[in-house]
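Labels below follow one simple rule: chain letters A, B, ... track the order of the sequence lines, proteins then strands, and each chain is numbered from 1. These numbers come from a predicted model, not from an experiment.
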Amino acid sequence: MASPSVLTPQAEDFPRWYQDVVAKAEMADNGPVRGTMVIRPYGYAIWERMQAEMDARIKETGAQNAYFPLFIPESYFHREAEHVEGFSPELAVVTFAGGEELAEPIVVRPTSETVIGEFMAKWIQSYRDLPLLLNQWSNVVRWELRPRLFLRSSEFLWQEGHTAHATYADAAGYALRIHLEVYNDFLEKVLAVPTYLGIKPPSERFAGAINTMTAEGMMRDGKALQMATSHELGQNFAKAFDVYYQSEEGQAALCWTTSWGASTRLVGGLIMAHGDDAGLVVPPNLAPIQVVVVAVRDEPEVNGACEKVAAALKASGVRVQVDRGRGSFGRRVTDWEIKGVPIRVEVGPRDLAQGLVSLVRRDDGAKVQVGVDAVASEVPGMLAAMQSDIFDGARKRLLDSTFDVANVAEAMEAATTGFARLPWSAVGEAGEAQLKTEAITVRCLQRKDGSIPVSDTEDGLDCIVAKSY
RNA sequence: CGGGGCGUAGCGCAGCUUGGUUAGCGCGCCUGCUUUGGGAGCAGGAGGUCCCGGGUUCGAAUCCCGGCGCCCCGACCA
């Protein structure tokens with residue numbers, strides 16, 4: 001179906017294939033400052049679709065969007081010991097502005113728990129003000145040592161949610177709800193990426209959190225990618241920023257807070273979870289362009305038919321674009337395949353003479369001919385089928401490449417090609433250290449039934465270990 | 001910060017070992033014609049501080065010294 005040789009084959013050099021896709025699908029470019037990225041229109045359109053889908057789900061849980069400053073006083077970071085220790089190495093700090101040395105250095109936010117904590121303290125007086133459910137869409141800066149477009153850039157885009165609650169149970173319940181109803185729902189239904197849900201072991205926890213939930217997806221090379229996280233911050237940040245409320249009984253009490261985020265890393269995850277040797281494969285529910293109507297030749301009759309088909313698709317709610325026949329057909333087809341557009345409608349004079357057009361699926365290359373007037377009624381079902389097929393395929397890869405093992409040595413062997421699952425009790429701190437010698441980490445802890453534990457101290461937990469991005 | 005590699009046209013590279021006409025090639029770009037059912041062909045054309053600074057030399061992309069930058073592999077991480 002595809003013309004190879006346009007991209008480096010995955011089997012030959014997976015990282016190179018990734019870079020080829022990012023470049024040739026016109027997703028992003030490296031920025032002039034090391035580690036920064038320029039997100040090109042097609043890449044940004046995909047991010048905007050992610051934003052729209054996640055934003056709607058976030059609002060459904062009751063959170064509201066707000067915006068906090070990019071610049072944070074450095075002193076804020078010192079108020080929470082673990083937080084400052086965790087983030088110090090990767091902070092970008094402004095010490096000079098307005099033509100002079102600053103009295104207090106300013107940190108370019110790497111995340112906003114601190115500044116938002118400061119304002120939560122201001123805004124929360126009474127139990128009636130709780131829960132306070134905030135989210136912001138923003139850029140953050142973390143001075144990464146080894147940047148890679150989308151996966152790890154010095155500046156990236158994300159949403160970060162921050163909430164304050166009256167009780168531990170309410171906070172933990174909300175963090176879990178976000179994890180399941182926002183992240184997992186988005187990942188499964190829109191991104192079509194199945195994940196292992198669980199909690200991080202203490203060594204991998206967010207700096208300052210008491211518990212970190214994660215969704216670990218599998219890339220096509222068998223490595224793991226953390227797709228989203230949801231943290232229970234306990235009372236650590238509330239204590240550091242004096243986030244108190246007066247209870248119904250008139251007592252002063254500390255809040256319980258959470259934070260949770262998903263970033264442009266998801267674009268990298270999309271590429272590596274679904275892409276093949278012909279390029280990107282974008283699940284229909286995510287795709288900014290679900291159908292491209294390709295004119296085989298640049299002729300009035302053909303172009304007219306393209307416009308007609310596109311109008312009908314648009315009317316039935318399909319995101320569609322027309323590619324008029326300028327330039328060679330093969331070239332244009334290849335370009336759309338690299339961009340991963342789910343369905344290509346080929347409109348050419350030969351078929352048109354019989355009143356037909358061809359529909360081609362990006363995921364499996366299947367081609368069918370339908371009447372010109374039947375396109376709009378055929379496409380929605382086809383898109384739905386693709387969406388579930390792409391998810392099923394990814395789930396099969398995830399399950400087929402997850403190996404149940406008994407000990408750390410076997411896990412290390414299994415992690416060369418996929419994930420290993422073994423009893424958490426068989427790992428421990430010593431096991432983690434041993435795994436690390438092969439760049440393998442504990443991705444998450446789960447209950448035997450795959451559900452999310454409340455704490456890493458629960459009995460009988462399994463852990464998933466793998467190499468990761 | 002440790003280990004490797006690379007800076008020559010927009011991108012990817014050759015040339016450097018052994019200094020010497022006008023610094024090449026592929027892709028891309030522009031113009032024209034023919035094309036268009038799987039990365040089209042032909043013809044013409046535009047495009048260069050050879051990373052920067054210094055040195056050696058009659059002469060430096062090439063040799064020497066110093067600097068800067070980038071990429072890949074590790075440690076850190078959404």
Can you tabulate the close N/O pairs, meaning under 3.5 Å, that link protein atoms to atoms of nucleotides 25-32 of chain B?
none

Restricting both atoms to N or O, compile the protein contacts to nucleotides 8-10 of chain B shorter than 3.5 Å, with distance only.
none

>> Across nucleotides 68-78 of chain B, 5' to 3', mark each nucleotide with B, S or - according to how protein heavy atoms within less than 4.0 Å reach it.
In response: --SSSSSBBBB
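Contacts of Gly261(A) with the nucleic acid, taken as non-hydrogen atoms under 4.0 Å apart, are absent. Heavy atoms of Glu299(A) sit nowhere under 4.0 angstrom from any nucleic acid atom.
Taking 4.0 Å as the cut-off between side-chain N and carboxylate O, Asp335(A) and Arg332(A) do not count as a salt-bridged pair.
Expressed to the nearest 0.5 Å, how far OG1 of Thr8(A) lies from CG of Asp13(A) amounts to 6.5 Å. Atom OG1 of residue Thr195(A) and atom CE of residue Met227(A) lie 8.0 Å apart, to the nearest 0.5 angstrom.
Between the side chains of Trp336(A) and Thr334(A), no donor N or O sits under 3.5 Å from an acceptor N or O. In the model, Asn139(A) has a side-chain atom that pairs as donor or acceptor with a side-chain atom of Arg109(A) under 3.5 Å.
For Arg344(A) against G38(B), a side-chain-to-base donor-acceptor contact under 3.5 Å is present.
Of the candidates Phe206(A), Trp260(A), Tyr174(A), Ser230(A) forms a side chain to side chain contact (heavy atoms under 4.5 Å, CB included) with just one, namely Trp260(A).
Aromatic ring orientation, His179(A) versus Tyr183(A): perpendicular (interplanar angle above 60°, classes split at 30° and 60°). Between His83(A) and Phe77(A), the two ring planes are parallel [angle under 30°; tilted spans 30° to 60°]. Note: Tyr196(A) and Phe419(A) have tilted aromatic rings, judged against thresholds of 30 and 60 degrees for the angle between ring planes.
We find that CG of Asn303(A) is positioned 12 Å from C1' of U36(B), with the value rounded to whole Å. Per the geometry, CZ belonging to Arg297(A) stands 4 Å off P belonging to U36(B), to the nearest Å.
Across G4(B) and U22(B), the matching C1' atoms stand 38 Å from one another, rounded to whole Å. G44(B) and U49(B) have their C1' atoms separated by 29 Å, with the value rounded to a whole Å. Only the C1' atoms considered, G55(B) is 30 Å distant from C13(B), to the nearest whole Å. Distance noted for atom P between A46(B) and U56(B): 38 Å (whole Å). For the P atoms, the distance from G20(B) to G3(B) is 34 Å, rounded to whole Å. Atom name C1', nucleotides G28(B) and A40(B): the rounded distance is 15 Å, in whole Å.
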> Does the side chain to side chain donor-acceptor pair (under 3.5 Å) test come out yes or no for Arg443(A) and Thr441(A), once each step is laid out?
Replying inline: CA-CA 6 Å; Arg443(A) 305 313 304 163; Thr441(A) 50; 2.7 Å; yes
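Using a 4.5 Å cut-off on side-chain heavy atoms (C-beta onward), Met382(A) and Leu359(A) make contact. Side-chain contact between Phe156(A) and Val141(A) is absent, with no heavy atoms from C-beta onward closer than 4.5 Å. Looking at Leu132(A) and Met120(A), their side chains come closer than 4.5 Å, going by heavy atoms from C-beta outward.
Of the residues in residues 349-356 of chain A, those with a non-hydrogen atom less than 4.0 angstrom from any atom of RNA chain B are Pro349(A), Arg350(A), Asp351(A).
Around CD of Glu438(A), the count of heavy atoms belonging to other residues, nucleotides or ligands within 6.0 Å does not exceed 12. Within a 6.0 Å sphere centred on CD of Gln369(A), heavy atoms belonging to other residues, nucleotides or ligands number more than 12. Heavy atoms of other residues, nucleotides or ligands lying less than 6.0 angstrom from CH2 of Trp143(A) number 12 at most.
For the pair Asp335(A) and Gly327(A), both in contact range of RNA chain B, the more 5′-proximal nearest nucleotide belongs to Gly327(A).
Helical stems in RNA chain B, defined as runs of 3 or more consecutive Watson-Crick or G-U wobble pairs with donor-acceptor distances under 3.5 Å: B:1-7 with B:68-74, B:10-13 with B:24-27, B:29-34 with B:40-45, B:51-55 with B:63-67.
Here salt bridge (Lys or Arg N to Asp or Glu O under 4.0 Å) pairs that include residues 171-182 of chain A, with residues two or more places apart or in two chains, are Arg177(A)-Glu181(A).
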